[in-house]
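Note: hydrogens, waters and symmetry copies are ignored here, and every other heavy atom, side chains too, is used. Both counts, for ligands and for their atoms, begin at 1 and track the order of listing.
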Amino acid sequence: MTWHVLGAGSLGSLWAIRLARAGDAVCLILRNSTRLSAYQAAGGLRLREDGQLIFQPIPAELPDATTPIRRLLVACKAYDVEAAVASVASRLAPHCDILLLQNGLGSQQAVAERWPQTRCIFVSSTEGAYRQGDFDVVFAGQGQNWLGDPRDTTPPTWLGALAAAGIAHQWSEDILARLWRKLALNCAINPLTVLYDCRNGGLLAHRTEVLALCDELGVLLRVNGQPDAAVDLAQDVLRVIEATATNYSSMYQDVAAGRRTEVSYLLGYACASAARLGVVLPALTALRQRLADHLSHRGLPTD
Ligand code: NAD
Ligand code: KPL
């Protein structure tokens with residue numbers, strides 16, 4: 001069974017290289033012929049880890065190739081996911097597995113609702129990778145991948161392939177709780193690092209504000225039916241701030257590089273769900289507005 005990888009960026013390359021290295025069949029799907037030519041010129045994907053370079057000449061094709069897709073790994077940014085899956089929709093075999101690697105919430109549900117004949121597996125990843133060039137990726141942080149399917153808690157038969165490829169993973173019977181918890185952590189940390197122009201550790205100087213956000217995020221998790229994800233949230237947020245004190249958050253890095261952020265799937269999703277449920281969360285709402293002002297001031301999309 002071939003792993004088709006849609007989105008050959010940081011995480012997509014990290015997964016593709018490890019699977020190919022373990023002997024699995026992998027095929028990259030690149031968005032257009034310009035990207036395909038650039039990839040062919042590069043000759044393959046490069047991954048750097050602990051000073052070692054791994055090169056894998058993984059085959060690549062365009063979305064309109066005709067081979068059926070039975071297992072699709074979607075590693076685009078959340079805002080690109082629906083269009084990317086739509087570009088290969090005619091090739092999705094019935095009961096095809098789609099692994100969705102996005103941060104936040106919203107993009108995964110959109111795919112699961114639009115292509116109900118597929119099995120959508122949501123992945124929450126704490127691994128870290130970044131691109132140092134086209135098709136050239138650095139594995140920057142070991143972590144864990146939690147996989148789960150909110151519609152069916154039976155694990156897929158191919159989890160062993162991830163183990164064989166050295167991809168740290170665990171099947172989760174409550175993947176939504178994991179994704180909500182991570183969303184809450186990201187909402188409490190990432191926007192403030194952008195607004196205060198600081199590393200994660202810089203937020204220790206804004207502890208009162210962080211704790212006020214955690215209170216509202218706890219309410220949000222509970223009204224969304226995720227009470228377990230709310231347990232000890234503030235302690236966890238402070239722990240993550242301390243453990244990642246010298247890091248810049250992913251949103252900070254996006255803004256600093258002039259890239260679109262995934263705010264609609266993080267703080268935007270949080271505020272939209274509160275509004276839908278009629279819950280008033282003033283600190284989160286104000287934070288979203290301050291972030292939107294900041295982004296538009298820098299000429300970046302606010303969604
Ligand atoms: P990235 O920007 O490095 O890669 C995304 C890739 O998708 C790009 O190569 C882009 O060209 C490609 N793409 C976009 N639209 C496409 C389309 N229609 N067809 C084919 N390819 C398309 O992004 P990333 O850092 O790998 O992040 C992917 C997701 O994983 C995000 O939601 C991110 O929040 C999440 N995530 C990333 C990390 C990390 O360390 N990079 C960690 C945890 C979670
Ligand atoms: O996941 C993160 C990110 O930067 O996106 C952490 C380190 C938890 C900060 O929110």
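Shortest contact from atom 12 (C) of ligand 1 to any protein heavy atom: G7 CA, 3.7 Å. Regarding atom 5 (C) of ligand 1, its nearest protein heavy-atom neighbour is A75 O, 3.5 Å. Annotation: atom 30 (O) of ligand 1 to nearest protein heavy atom, L101 O, 3.4 Å. Regarding atom 32 (O) of ligand 1, its nearest protein heavy-atom neighbour is E262 OE2, 2.7 Å. Shortest contact from atom 38 (C) of ligand 1 to any protein heavy atom: L11 CG, 3.7 Å. The protein heavy-atom contact nearest to atom 42 (C) of ligand 1 is E127 O, 3.1 Å. Ranking the protein heavy atoms by distance from atom 19 (N) of ligand 1 puts R31 CB, 3.3 Å first. The protein heavy-atom contact nearest to atom 29 (C) of ligand 1 is C76 O, 3.5 Å.
Judged by distance alone, the side chains of N200 and T244 do bring a donor and an acceptor atom under 3.5 Å apart. A donor atom on one side chain and an acceptor atom on the other are not found under 3.5 Å apart for E113 and Q108. Inspection of the S264 and D303 side chains reveals no N or O donor paired with an N or O acceptor under 3.5 Å.
Here's the thing with K182: none of its N/O atoms is less than 3.5 angstrom from an N/O atom of ligand 1. Between R131 and ligand 1, a contact under 3.5 Å exists for at least one N or O pair. Between A129 and ligand 1, at least one N/O pair is under 3.5 Å apart.
L45 is not connected to I29 by any chain of hydrophobic side-chain contacts under 4.5 Å among Ile, Leu, Val, Met, Phe, Trp and Tyr, and they are in different clusters.
With a 6.0 Å cutoff to the six-membered ring centre and a 45° limit on the axis angle, R18 counts as a cation-pi contact of F139.
At a heavy-atom distance under 4.0 Å, no atom of A140 approaches ligand 1.
For the ligand labelled ligand 1, residue S87 lies outside the 4.0 Å heavy-atom shell. Residue contact annotation: A83 has no non-hydrogen atom under 4.0 Å from ligand 1.
Residues forming a ring-ring contact (aromatic ring centres under 6.0 Å, His included) with F55 (at least two apart in sequence, or on another chain): none.
Protein residues with a heavy atom under 4.0 Å from ligand 2 are K182, N186, I189, N190, N200, V240, S249, S250.
Chaining together hydrophobic side chains whose heavy atoms lie under 4.5 Å apart places Y265 alongside Y79. Membership of the apolar cluster around Y130 extends to V138, as traced through chained side-chain contacts below 4.5 Å between ILVMFWY residues.
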